[in-house]
Amino acid sequence: MAVYQTTVSAPVNIACIKYWGKRDTKLILPTNSSLSVTLDQDHLRSTTTSRADPSFDKDRLWLNGKEESIEAGGRLSTCIVELKRLRAAVEAQNSAAPKLSTFPVYIASRNNFPTAAGLASSASGFAALVASLAALYELPATPSQLSVIARQGSGSACRSLFGGFVAWEMGSAPDGSDSLAIEVAPREHWPDIHALICVVSDDKKGTSSTSGMQRTVETSALLQHRIAQVVPARMDAIKDAILRRDFPAFARITMQDSNQFHAVALDTDPPIFYLNDVSRAIIAVITEYNRAAGAIKAAYTYDAGPNAVIYTPKENVKEIVELLLRYFPQSQPFPDPFGLDVNNEGKLPAGF
Ligand code: DP6
């Protein structure tokens with residue numbers, strides 16, 4: 001008897017222009033467009049295996065070995081139902097295609113990094129889930145078309161369906177059909193850019209992105225200014241910087257946008273604090289590093305947690321790792337910081 005099973009992995013992405021706010025919470029339509037870099041390392045990925053079998057009792061999902069319930073109408077169910085609907089369309093076109101759309105599925109997903117520590121696990125997780133079912137169902141869909149489905153699992157997940165530099169265009173259609181990810185440039189366009197992930201804490205974050213951003217939409221006047229006056233021009237400017245490989249322009253916009261995202265978090269009532277003292281100290285170190293160089297050589301950015309991501313051209317990686325180790329001595333030996341090759345970041349262990 002045939003076995004219908006696929007395994008697909010998807011990477012984490014880190015936004016330079018942050019998504020923060022929904023205009024439609026059910027369809028996950030954002031209040032602004034966003035842009036990210038998809039990391040291409042092996043150790044920041046979600047890997048998902050999907051299997052369809054007529055003997056299964058119902059659709060079930062395990063995350064890192066623990067079963068999660070699939071609530072009807074919830075995010076997981078929305079993605080699975082939509083992918084089964086697309087599979088049914090394939091079956092309607094081709095009577096020889098096995099009726100996988102009628103089989104229950106078992107889905108097992110694993111992250112090889114801490115879940116919900118501000119390291120965008122929902123992004124890689126939903127991207128891997130959607131890509132895995134799309135492969136199982138042999139759907140003739142482009143990454144942009146799949147991004148519309150992944151977006152309904154977790155907004156930022158839509159950007160993890162592409163490598164390289166990716167925009168999530170907010171769109172305007174009420175059904176969300178044009179709120180999707182597009183590739184701005186592939187990774188090979190600018191291989192020189194590296195991401196250093198500084199794990200300040202791998203605790204689960206205090207305020208989830210979903211509830212935090214909704215509170216911001218409801219209470220922050222600064223968010224309204226950001227949406228209308230700031231992000232549209234920044235999206236154009238950062239795309240242009242990427243296409244011209246202009247690191248100082250890319251870095252300046254990335255830092256400004258991280259700062260404004262944390263400002264709107266603070267402008268939320270009650271306020272949301274994602275950065276801690278170590279996060280702020282890293283901002284000070286990078287700011288001083290750039291000032292002393294008389295040029296912008298590195299950019300920090302922070303998502304909904306205290307961990308820093310530092311973007312920098314390859315030539316500066318060694319210097320920045322040395323600098324961070326001087327200011328933040330490690331309790332554990334640092335894993336091979338100076339043998340960093342093109343596709344490696346220096347990952348600072350937790351607890352510094
Ligand atoms: C700060 O995509 O996790 O990382 O759509 O509610 O699942 P939901 O939110 P999520 O929010 C990510 C917010 C961010 C910024 C970003 O990745 O653009």
Side-chain angles (χ1 to χ4, degrees), residues 12-23 25 28-39 116-123 151 154-160 165-170 195 197-198 200-201 205-239 241 249-284 286-287 298-311:
V12 161
N13 72 75
I14 304 289
C16 298
I17 304 292
K18 306 294 186 190
Y19 148 55
W20 196 253
K22 296 179 183 69
R23 62 182 198 275
T25 51
I28 310 199
L29 299 177
T31 48
N32 60 263
S33 297
S34 56
L35 184 141
S36 58
V37 179
T38 299
L39 304 185
L119 281 176
S121 60
S122 65
R151 186 201 78 221
S154 180
S156 54
C158 72
R159 300 184 310 239
S160 273
F165 301 84
V166 187
W168 172 11
E169 303 292 355
M170 65 185 287
I197 315 293
C198 306
V200 170
S201 163
K205 62 195 172 199
T207 307
S208 78
S209 302
T210 305
S211 66
M213 73 173 74
Q214 207 40 38
R215 219 157 82 203
T216 304
V217 169
E218 285 157 13
T219 62
S220 169
L222 183 57
L223 182 74
Q224 300 310 317
H225 167 72
R226 167 174 170 73
I227 293 166
Q229 308 295 330
V230 179
V231 173
R234 263 187 201 160
M235 283 294 291
D236 290 344
I238 200 164
K239 284 179 191 169
F250 169 85
R252 190 177 301 110
I253 298 166
T254 296
M255 290 188 282
Q256 284 172 339
D257 207 71
S258 174
N259 294 340
Q260 190 175 69
F261 157 49
H262 291 280
V264 301
L266 189 61
D267 192 47
T268 301
D269 184 17
I272 307 169
F273 303 92
Y274 286 123
L275 305 182
N276 66 18
D277 286 350
V278 177
S279 320
R280 283 185 286 271
I282 294 173
I283 293 178
I286 296 299
T287 302
Y300 56 78
T301 187
Y302 296 82
D303 279 345
N307 300 325
V309 175
I310 297 170
Y311 288 118

Please evaluate residues Tyr300 and Thr287 with respect to the criterion side-chain contact (heavy atoms from CB on, under 4.5 Å), reporting the C-alpha separation (whole Å), side-chain torsions for both, the decisive distance (0.1 Å), and the verdict.
CA-CA 9 Å; Tyr300 56 78; Thr287 302; 4.1 Å; yes
Shortest non-hydrogen separation from [X] to [Y] and the atoms involved:
X: Met255; Y: Ala298; answer: CE-O, 3.7 Å
X: Ile17; Y: Val231; answer: CG2-CG1, 3.9 Å
X: Tyr311; Y: Thr254; answer: CD1-CG2, 4.3 Å
X: Val217; Y: Gly21; answer: CG2-CA, 3.5 Å
X: Gly212; Y: Thr207; answer: CA-CG2, 3.7 Å
X: Asp303; Y: His262; answer: O-CE1, 3.2 Å

Quick one: does any side-chain atom of [X] pair with a main-chain N or O of [Y] as donor and acceptor, under 3.5 Å?
X: Ser208; Y: Ser211; value: yes
X: Asn307; Y: Ser201; value: yes
X: Arg226; Y: Phe261; value: no
X: Tyr302; Y: Ser279; value: yes
X: Arg151; Y: Leu29; value: no

So how far is it from [X] [atom1] to [Y] [atom2], rounded to the nearest 0.5 Å?
X: Ile310; Y: Ile286; atom1: CD1; atom2: CD1; answer: 4.0 Å
X: Ser220; Y: Ile227; atom1: OG; atom2: CD1; answer: 8.5 Å
X: Ser36; Y: Trp168; atom1: OG; atom2: CH2; answer: 10.5 Å
X: Gln214; Y: Ser209; atom1: CD; atom2: OG; answer: 12.5 Å
X: Ile283; Y: Asn259; atom1: CD1; atom2: CG; answer: 5.5 Å
X: Ser34; Y: Arg234; atom1: OG; atom2: CZ; answer: 13.5 Å

Taking the side chain as every heavy atom from C-beta outward, state whether [X] and [Y] have any atom pair closer than 4.5 Å.
X: Leu39; Y: Val309; answer: no
X: Leu35; Y: Asp257; answer: no
X: Lys22; Y: Thr210; answer: yes
X: Pro30; Y: Arg23; answer: yes
X: Cys16; Y: Ile253; answer: no

Please enumerate all residues that pass side-chain hydrogen bond (donor to acceptor under 3.5 Å, both in side chains) together with Ser160, with sequence neighbours excluded.
Asn13
I would like to know whether Phe250 and Ile238 meet side-chain contact (heavy atoms from CB on, under 4.5 Å); could you show each step before the answer?
CA-CA 6 Å; Phe250 169 85; Ile238 200 164; 3.9 Å; yes
How about Asp269 and Thr219: does a side-chain donor come under 3.5 Å of a side-chain acceptor?
no
Go through Thr301 and Lys18 one step at a time and tell me if the side-chain contact (heavy atoms from CB on, under 4.5 Å) criterion holds.
CA-CA 10 Å; Thr301 187; Lys18 306 294 186 190; 2.7 Å; yes
